[in-house]
Amino acid sequence: MKRSKYLLPTQKNDPAGIEIASHRLMLKAGMIRQLASGIYDMLPIGLKSLRKVENIIREEMNKAGALEVSLPYVQPAELWQETGRWEGNGKELLRFQDRHQRDFCLGPTHEEVITELVRGTVRSYKELPITLYQIQLKFRDEIRPRFGLMRGREFIMKDAYSFSATEESCNDCYQAMKLAYQNIFSRCGLQFQSVEADSGNIGGSASEEFMVLAATGEDAVVTNESGDYAANIEKAQSEEFIAQLPKEKYTSLAKVHTPGAKTIEDVSRQLAIDSKETVKTLIYKADEDFVVVVVPGDRQVNELVLPKVFQAQKVRPATEQEVKKLTDVPFGSLGVIDIDKQVKGISQIVFDTLVHPGRYYCMGANEKDYHWVGAKAGTDFIMQNQAHLHLVAEGDKHVGSNESLTLVRGIEVGHIFKLGTKYSQDMKAMFLDEQGKQQPFIMGCYGIGVGRTLAAAIEQGHDEHGIVLPPQLAPFEVAVVPVKYKDPAQKKVADDLYESLQAQGFDVILDDRDVGMGMKCKDADLIGVAATLIVGPKSIEEGVIEAKLRWQTDKQKVTPNDVSNWLRNGFEQYHAEPSSA
Ligand code: ATP
Ligand code: MG
């Protein structure tokens, strides 16, 4: 490819108002261009790198025995009504009508469509297991699209679905996908970790996310010291041992005056106690019911576990208005002692496992400006139901190993999930088993965000000059940069090099523009070309080419004959140590 004929609108200055490096660099390098919020054009080099990610994914999926299909982006409402997700999904599902007033949506995922396909084409256990995949557009009307391709509204996903006759076979499919994912992310040169994830309330039995470790990641990953435990924060479990808790200041029940104290911090300060000695009493709406959740004052509620705990479809904090309808107690003064007398219509109360029976706590007294101190858990308030409701915090102990837990940030690039029979049952997707009986397919689903993976690779690989992608993802492997292309001797060497490297299968760009060297090298560095080969008068005299790998600072002199070997060796080194992370 010749640079002068190429659409590569690199920018000199940083685009304004961009929060993270990968987004800034993808715009600056002319990889992507925003058309609308969360909707992007892929420009030639952006698409090239994206295709490289896709090809790695495709190769590994095929190697794992998955079959590629292509399913429609526009999906009829009837399918989504069969699984209850037409009504169940919120505004992320973009719905619209055709000219006949029939309802459709843009596919945010393809469980319904693929289940419909398999129910119509697979009859017998003899045809199972089968794993189908596609690399295709998705649309999710995300509430906060941001960070460029990282969280778009329209984005490319690789989604795969497995259909099995037995649990064991489903496990095998899941393991095969897990291995494929490990190969994919390793081949993309990423530093990643697979973590246990919550399978939500679909009833699936296992779920893991693949996280690229990066400080700007939106997810929190919890690990232990020996590194054999890693979980998404919403799935992570921790213990807090009584021995580690501060000695309580108040050990008999008393009502104290706490003027103006509305928050845990206010109360802790006024009473000079640790926030661990307090409990928060929170009201949630679980489907149509109001429920109460009690957690230590220094803890946040893991809202993702609440649907399971309360056996509800949807659980959210009650609004201030809703609480006002239930009780006269001011919002910040709720306490669990006598709550059933003070708040009408509470159907359940669940205490966090960190509220220890026998310990003494401070809590709202259901009265403005008053708190209870010295309230003994299990005596002054009964704890019938307890569950792990808190989000794990740095320094908590890992259940089992007793090692301290650490929190790091991650970008979720992939997700694998055992679905069980949720979709096949809802959609009556059946096969005939060995006994000739109808059985629902046992399913798994497996997603990778393709654009997000590329963005994550840039998030891990960049420096002050621009993008540093591993060679296998770089938009070009080699830039041939003549100092002066108009000079016939330089043109000859540059053209020969360009042609011979291309003939040997390298992905090469020749910078044939009549501009300064500085600009040409800067551009190559900005877009993350893996190696730059400079052809100038001096090097012609000496019969060598000045060569530089993107992730190294030193230039080396290489003879034209040695260039391809030098490139191959250099690219292999990158696999060994991704120094740009
Ligand atoms: P998130 O929690 O980040 O919204 P998710 O749990 O909704 O992700 P899945 O439904 O599991 O994601 O989708 C599979 C993969 O698709 C994710 O692991 C991620 O890599 C990618 N993905 C999901 N949403 C987006 C998005 N808005 N933009 C880009 N990629 C996305
Ligand atoms: Mg999402």
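Source: prediction; values computed, not measured. In each ligand, atom 1 is the first atom listed, and ligand 1 is the first ligand listed.
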Need the ligand 1 atom indices (1-based, order shown) with element for anything under 4.0 Å from a heavy-atom of [X].
X	answer
Val413	18 (O), 20 (O)
Glu142	24 (N), 26 (C), 27 (N)
Leu149	29 (C)

Please work out whether the ring planes of [X] and [Y] are parallel, tilted or perpendicular, with thresholds of 30° and 60°.
X	Y	value
Phe441	Phe431	tilted
Tyr6	Phe476	perpendicular
Phe210	Phe185	tilted

**Report entry** Min heavy-atom dist Gly451 to ligand 1 below 4.0 Å
**Finding:**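 No, that is not the case, since the closest heavy atom of the residue is not under 4.0 Å from the ligand.
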Query - Close approach, Arg153 and ligand 1, non-hydrogen under 4.0 angstrom - result: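 Not so, Arg153 does not reach ligand 1.
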Query raised in the report: Can you tell which of Gly38, Gly449, Gly152 gets a heavy atom nearest to atom 15 (C) of ligand 1?
Result: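 When every heavy atom of Gly38, Gly449, Gly152 is considered, Gly449 comes closest to atom 15 (C) of ligand 1.
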Query raised in the report: atom 6 (O) of ligand 1: which of Glu218, Glu412, Glu234, Met157 has the nearest heavy atom?
Result: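 Of the listed residues, Glu412 has the closest heavy atom.
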Query raised in the report: Can the positive tip of Lys418 be found less than 6.0 Å from the middle of the six-membered ring of Tyr174, inside 45° of the ring normal?
Result: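 Verdict for Tyr174: a cation-pi partner in Lys418.
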Query raised in the report: Could Glu209 and Lys235 be called an ion pair, given the rule that one side-chain N must be under 4.0 Å from one carboxylate O?
Result: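 No salt bridge links Glu209 with Lys235.
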Query raised in the report: Ignoring hydrogens and geometry, is there a side-chain-to-backbone donor-acceptor pair from Asn302 to Glu234 under 3.5 Å?
Result: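 It does hold such a pair.
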Query raised in the report: Should the proximity of Arg140 to ligand 1, defined as any heavy atom under 4.0 Å, be assigned to the side chain, the backbone, both, or neither?
Result: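 The side chain, only.
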